[in-house]
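Below is one structure, written out as structure tokens, with a few remarks after it.
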Amino acid sequence: MNTVVEQVRIREGGLPGSASAARADARARELPRGLGNAVPIFIERASGAILRDIDGNQFIDFASGIAVTSVGASHPRVVRAVQEQAALFTHTCFLVTEYDGYLGVAQRLNRLTPGDHAKKTALFSTGAEAVENAVKIARAHTGRAAVVVLDHAFHGRTLLAGTMTAKYKPYRGAGPAATDIHRAPAPYPYRWPGGAENAAEQSFARLTEMVETQIGAENVAAIVVEPVQGEGGVIVQPPGYLSAIRDYCTRHGIVMIADEIQAGLARTGAMFAVEHDGVIPDLITTAKALAAGLPLAAVTGRAEIMDAIAPGGLGGTYAGNPIACAAAIAALDVIVEEGLVDRARRIEELTRSALADAIAAPHVGEFRGRGAMLALEIVHPGGTRPDAETAAAIVARCHERGLLVLLSGTFGNVIRLLPPLVIDDDLLLEGMGILAEEVRRADELATA
Ligand SMILES: *Cc1c(COP(=O)(O)O)cnc(C)c1O
């Protein structure tokens with residue numbers, strides 16, 4: 001069977017098509033409604049930057065399964081690595097008997113992450129699990145409990161990671177939250193009351209004031225920051241902000257944790273997004289793009305901090321699964337050998353010029369992001385009031401035309417663009433053309 005999908009968009013008939021629509025009842029009956037869904041289509045196969053659904057529609061993928069398939073869907077090297085490893089062995093549990101794939105991923109991450117100090121890596125299965133373990137390691141290392149997180153942060157949906165996530169709805173449930181999580185104001189330059197140019201300095205001052213008046217710096221184990229806040233709305237931390245956090249952590253013996261689960265591994269046009277600011281965190285969490293779709297996550301950081309947990313305290317039954325490790329080694333090698341860091345920068349250039357008119361449209365409050373992690377913030381014309389309704393309408397029209405884009409943002413009004421880094425120029429520009437038309441159409445409808 002030829003499983004490769006030609007890199008062309010195909011859209012016919014209604015959305016969802018009849019085959020996907022026929023599954024809607026079963027989905028509603030069999031699955032809880034808490035499982036959200038951006039587009040009600042069922043996928044048959046995918047390659048590169050195209051997803052093909054069971055009705056034969058082919059979508060240009062500007063979602064990458066939420067920044068996961070950076071090397072493209074089913075990259076041949078990833079597929080081969082997975083097939084070969086599955087045939088050899090699928091699982092031993094690394095805590096029982098060991099294998100080279102785990103070491104190979106750790107070696108790569110220890111070298112690729114910024115800083116030439118001694119580093120160690122522990123593997124997990126999900127992003128939330130990596131975040132939880134980074135906090136656990138920081139608390140063990142410092143003997144302190146308090147953790148500072150930011151407004152607009154997203155760190156996952158488990159109890160601790162969900163408590164660390166800013167947005168209450170839909171991410172947190174009823175009942176007690178995890179304790180000793182403290183939320184500080186985050187810059188969000190576009191919306192900072194004192195103006196974008198003052199966002200870094202003023203928000204950092206509010207953070208340190210909060211720490212010193214409400215917690216005590218000597219009680220803080222970690223400050224956790226996404227260098228580009230993904231779910232929060234693709235908010236790039238302004239110049240000087242990450243280095244201010246870095247200096248403050250160093251001064252007070254606080255562990256700086258960079259959550260690079262979405263922004264890391266070439267997505268922003270640097271291997272890690274902190275590199276844009278020349279900042280070296282103590283711990284870095286990775287996941288999403290790490291194993292190109294297989295469940296794998298990691299905490300990488302200073303060897304002496306990583307060693308704070310006693311033997312047996314880290315890991316998990318599936319953590320660092322051998323098939324996921326094989327996929328990660330292939331994906332990391334593709335990222336390096338195919339020059340995907342540079343490719344992400346090129347995607348930003350092409351997108352900026354393709355969207356130049358759309359960016360100037362009255363509904364677009366801001367175009368922002370880095371590399372291939374880009375976004376349009378949709379607002380009511382003439383001000384900054386979020387317009388989630390128009391953003392949703394634009395996204396729905398894009399889906400209708402065969403372009404997958406995602407909504408994000410604290411106010412649900414940010415159209416997020418996360419194409420696979422291997423997307424070819426023509427397909428990228430075709431997708432951006434559709435988006436630009438739909439942004440303009442929304443403006444025409446609003447002014448009509
Ligand atoms: C997606 C994400 C997580 C959570 O990862 P899961 O694998 O969904 O648990 C954590 N942090 C950031 C920045 C993310 O984007």
Side-chain angles (χ1 to χ4, degrees), residues 93-96 98 102-103 105-107 109-110 113-115 117-150 153 155-165 176-184 207 211 214-226 245-261 264 272 274 279-287 290 296-320:
C93 184
F94 193 72
L95 308 175
V96 178
E98 305 181 308
Y102 194 115
L103 259 185
V105 176
Q107 281 166 339
L109 286 174
N110 292 338
T113 45
H117 50 281
K119 283 177 253 164
K120 294 190 173 185
T121 290
L123 300 179
F124 303 96
S125 302
T126 69
E129 204 189 354
V131 168
E132 299 231 357
N133 277 279
V135 167
K136 174 169 154 179
I137 292 164
R139 283 173 166 166
H141 170 73
T142 57
R144 308 169 179 179
V147 173
V148 175
V149 294
L150 298 181
H155 298 296
R157 290 175 172 83
T158 54
L159 179 58
L160 175 58
T163 305
M164 293 168 66
T165 290
T179 52
D180 250 317
I181 304 300
H182 306 265
R183 191 168 311 284
L207 181 147
V211 167
Q214 300 174 24
I215 316 168
E218 67 279 16
N219 298 316
V220 177
I223 300 178
V224 188
V225 49
E226 293 161 87
I245 300 257
R246 173 67 277 178
D247 292 348
Y248 190 75
C249 287
T250 305
R251 206 148 9 98
H252 295 283
I254 298 168
V255 176
M256 179 180 180
I257 302 175
D259 182 348
E260 293 246 13
I261 286 170
F272 289 91
V274 286
V279 163
I280 300 176
D282 298 307
L283 300 179
I284 293 186
T285 53
T286 50
L290 178 58
L296 193 69
V299 180
T300 301
R302 291 186 185 279
E304 68 276 17
I305 300 178
M306 292 298 294
D307 276 332
I309 303 266
L314 289 178
T317 307
Y318 299 124

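Keep in mind the model is a prediction, meaning the values are calculated, not measured.
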task: Please identify each residue that fulfils side chain to side chain contact (heavy atoms under 4.5 Å, CB included) with Thr165, with sequence neighbours left out.
output: Phe154, His155, Tyr171

query: Closest approach of Val255 and His141, non-hydrogen atoms and distance?
result: CG2-CD2, 4.0 Å

task: Identify the heavy atoms of Thr113 and Lys119 that sit nearest to each other, and give their distance.
output: O-NZ, 2.5 Å

message: Just to verify, what does Ala146 make a side chain to side chain contact (heavy atoms under 4.5 Å, CB included) with, not counting sequence neighbours?
response: Asp180, His182, Ile215, Val220

message: Determine whether a donor-acceptor pair (N or O, by modelled atom type, separation under 3.5 Å) exists between the side chain of Glu260 and the backbone of Val274.
response: yes

Over all atoms of both residues, closest heavy-atom pair of Ala130 and Val299: O-CG2, 3.3 Å

task: Applying ring-ring contact (aromatic ring centres under 6.0 Å, His included), name anything that partners Phe94, two or more places apart in sequence or on another chain.
output: Tyr99, Tyr102

message: Can you confirm whether Pro114 sits close enough to Ile284 that some side-chain heavy atom of one is under 4.5 Å from a side-chain heavy atom of the other?
response: yes

task: Give a yes or no on whether the backbone of Met164 and the side-chain of Arg183 come within a donor-acceptor separation of less than 3.5 Å.
output: yes

message: How close do Gly127 and Ala287 get, counting heavy atoms only, and between which atoms?
response: CA-CB, 3.8 Å

field: Considering all heavy atoms, the nearest Leu95-Gly316 contact
entry: CD1-N, 3.9 Å

field: Residues forming a ring-ring contact (aromatic ring centres under 6.0 Å, His included) with His252, sequence neighbours excluded
entry: Tyr248

task: Could you name each residue pair satisfying side-chain hydrogen bond (donor to acceptor under 3.5 Å, both in side chains) that touches residues 122-131, not counting sequence neighbours?
output: none

Trace of the side chain to side chain contact (heavy atoms under 4.5 Å, CB included) decision for Arg144 with Ile254: CA-CA 9 Å; Arg144 308 169 179 179; Ile254 298 168; 3.6 Å; yes

query: Could you give the distance from CG (Leu109) to CG (Leu123), rounded to the nearest 0.5 Å?
result: 7.5 Å

Give every donor-acceptor pair under 3.5 Å between a side-chain atom in residues 156-163 and any protein atom, sequence neighbours left out.
residue : atom : partner : partner atom : Å
Thr158  : OG1  : Glu132  : OE2          : 2.6
Thr163  : OG1  : Leu159  : O            : 2.6
Thr163  : OG1  : Ala178  : N            : 3.0

- prompt: What pairs with Thr286 under side-chain hydrogen bond (donor to acceptor under 3.5 Å, both in side chains), at least two apart in sequence or on another chain?
  reply: none

- prompt: Which distance, rounded to the nearest 0.5 Å, do you find between the CD1 of Ile137 and the CD1 of Ile309?
  reply: 5.5 Å

- prompt: So which heavy atom on Ala222 is nearest to which on Ala138, and how close?
  reply: CB-CB, 3.9 Å

- prompt: Rounded to the nearest 0.5 Å, how far does OG1 of Thr250 lie from CE of Met256?
  reply: 9.0 Å

message: I need the full list of salt bridge (charged side-chain N to carboxylate O under 4.0 Å, His left out) pairs touching residues 302-316, with sequence neighbours left out, sorted by first then second residue.
response: Lys120-Asp307, Asp282-Arg302

message: My understanding is that only one of Val224, Leu207, Ile223 makes a side-chain contact (heavy atoms from CB on, under 4.5 Å) with Leu150; could you say which?
response: Leu207

query: Knowing that exactly one of Ile305, Asp259, Asn133 qualifies, which makes a side-chain contact (heavy atoms from CB on, under 4.5 Å) with Leu283?
result: Ile305

field: All side-chain hydrogen bond (donor to acceptor under 3.5 Å, both in side chains) counterparts of Thr317, not counting sequence neighbours
entry: none

